[in-house]
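The next block holds one structure in the form of structure tokens; read it before the comments.
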Amino acid sequence: MFEELIKLATGGLDKIAADLYQSAKGVIRNEVREKLSIERIRALIENISQIGKVKTIFNPDKILDLGEIYCEGVVTFDEPEIVHDIRSFNTEKVLLQGGPGQGKSIYLKYLCLEEAKNGHFIPIFIEFRNLSFERPLKEELIIAIQNFGIKIEVELFDYLAKSEKLLFILDGFDEVPSNVRIKTARELEQIAKTYKNLRIVVSSRPDAGLGASVYFKTFKIKFLSKDIQEKFLKHLFGNEEESRPIEEVLKENEFLSDVTRTPLLLTLFAITYKARQFKPDSISEFYSIIFPTMLYRHDRMKLGFERERRSKLSDYQIQRIFETLCFLSLKAGKIRFNTLDFKNYLNKSTEHERIKENLEDELIDDITLITALIIEDGYDNYSYVHKSIQEYFSSVFISRLTDDRKFEFYDHLVSSYSEYEKWKNVINFLSTIDVYNYQRYFLLPLRKKSIGLNNKDKLMLNYSQIENSIGSETKVRIDENGNMINVYWDDTYSSSTFPQFIEFIRTEMVNFLTDEKSSLADYLMFCEVSEYEHYQESDGAFILNLLTYITNVKRSRALVKYISVKIKNSQVMNEINELENEILRTDKMNQEITSF
């Protein structure tokens, strides 16, 4: 009976349900019969189809089918170059890495819809930002499946996860709150290890905390080539006549074609150039024109049309409020928020900008309907059209703070890796729009702290600083003789803020470990049987947590001494001295210019 009913289901998932039913036994078979009934399959298909309904910054007034906006070949890799379905990755666990605006979310939604049609897997699309992180990750995933239309419990989850039929598409690991990110990464690794046949695709920005994963193979999204940029513009406008002027500008300007190498930036350039014929000289200048362009683009793109602003505020006032709004929401860790939070942010923003009127409702309309930089996102919810919009305008807000407030902000980030994680891309923007304060209050203190220079510029490196640079999740793969096979480096504070130092310390760590060959072998030989079995992988190799090993064999002091000797005459030390001299020269020049 169940087999006959399931054949009536549509969307390519019917055969999977039938196969799962045939393979199941006992109580689980009854669970499959109930939970993957024809009604549940149809509900699942409906929920998957909703993933394909999107709003874009190019067409903010419409909800579009993803099939209309997805441009094949925009997301590419080194090997394989183009992936049309999950099986083409040739691995069960995929870490998809890409920077801001490289199209990770749209691409994952596309893969989810394709898998629903292909019928190879049951695809479950989950955004990390929508998880509560109040319970173990496995429980969060079970709840997410339930919300997707299949009311399963732990036993059925285990069966599906081992069945080779379940696919998790997990979007935005970098949006996991920093205070639970390590815990979430460990739980994700444990799930990957426990369920070897479970397909998992995770997207993330680089250096977000999954770099040390042993079980996920990393695929990095390539930047758009000039040919793909041209193809994308034709697809964006729908005809060559409208896209040609922008293509010509990019061909003539090498800098611009380097700037517009992500789908988001290329789209934003298409909007700004069409409205203003503006050619920016930097990424920050590029972002700076977005807000005024979005305020007026309806007027310029639709002859005779003018959208009235309900707030009656000037361009300057609305933009300042928007900058403050971005800062407040980012500080609260919210890229998506409900109406009440939206109004609270706007109330504080208008007060900060000394606008006393109660304009929250009017500003919500102006920001969402005119600029479309924040859009409606389901019932009673709003979200930024892209996280980098929130990050850029937050950086503008910070750049106009007083020097003492800037110092407090930068100093807070130097002292706290978890806080830096939240503001990482904001810091990248500040490095170009607030160069002097960024270098003086953030970059120089951070780099000195990383290598152990105290207030008197004396090298006082300690093991805690080395731990922070190596990362608590860094692992080493060795054979039973202590020969090193591979190192899985953790994403750390310095990975993005001081890459020269990270390259230095990783090189020296490998040299140190090579000399530790016999000690590593002894560590395996004399550890407890349970530990030995935990370390050993199916291929016979062993995976150790690097810092745990160094602590257990009491080699931390030797490591500090070794790194300290190497660092004294290194290029890393020279670069810090050069940076400090540059800041001193700027200080001197400022004093000369401003003296009266």
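Hydrogens, waters and symmetry mates are skipped; everything else that's a heavy atom, side chains included, is used. Note that the coordinates shown come from a computational prediction; the quantities given were computed from them, not determined experimentally.
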Is it true that a side-chain atom of [X] and a backbone atom of [Y] form a donor plus acceptor pair closer than 3.5 Å?
X: Ser329; Y: Ile335; value: no
X: Gln317; Y: Ser314; value: yes
X: Thr262; Y: Leu265; value: yes
X: Asp377; Y: Ser383; value: no
X: Asp65; Y: Gly67; value: no
X: Ser416; Y: Leu413; value: no
X: Thr474; Y: Asp490; value: yes
X: Asn581; Y: Leu579; value: no
X: Arg309; Y: Asp365; value: no
X: Lys424; Y: Asp207; value: yes

Inspect the surroundings of [atom1] in [X] and state if more than 12 heavy atoms from other residues, nucleotides or ligands are less than 6.0 Å away.
X: Glu503; atom1: CD; answer: no
X: Glu351; atom1: CD; answer: no
X: Arg400; atom1: CZ; answer: yes
X: Lys183; atom1: NZ; answer: yes
X: Asn455; atom1: CG; answer: no

What pairs with [X] under salt bridge (Lys or Arg N to Asp or Glu O under 4.0 Å), at least two apart in sequence or on another chain?
X: Lys422; value: Glu419
X: Glu580; value: Lys448
X: Asp380; value: none

Inset, instruction - Please state whether the rings of Tyr110 and Tyr70 are parallel, tilted or perpendicular, taking 30° and 60° as the class boundaries. - result: parallel

Inset, instruction - Take the angle between the ring planes of Phe342 and Tyr382 and call it parallel below 30°, perpendicular above 60°, tilted in between. - result: perpendicular

Legend entry - Euclidean distance, Gln319 CD relative to Thr324 OG1, rounded to 0.5 Å: 10.5 Å

Inset, instruction - Determine the minimum heavy-atom distance between Pro263 and Phe232, stating which atoms define it. - result: O-CE2, 3.8 Å

Legend entry - Contacts of Ser49 that satisfy side chain to side chain donor-acceptor pair (under 3.5 Å) - sequence neighbours left out: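 Partners of Ser49 by the side chain to side chain donor-acceptor pair (under 3.5 Å) criterion come out as none, since no residue qualifies.
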
Inset, instruction - Please list, chain by chain and in numerical order, all residues satisfying ring-ring contact (aromatic ring centres under 6.0 Å, His included) with Phe327, sequence neighbours excluded. - result: Phe397, Trp423

Legend entry - Between Tyr493 and Phe498, ring centroids under 6.0 Å: no

Legend entry - side-chain hydrogen bond (donor to acceptor under 3.5 Å, both in side chains) contacts touching residues 94-105 (sequence neighbours left out):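 For residues 94-105: Ser105-Asp171.
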
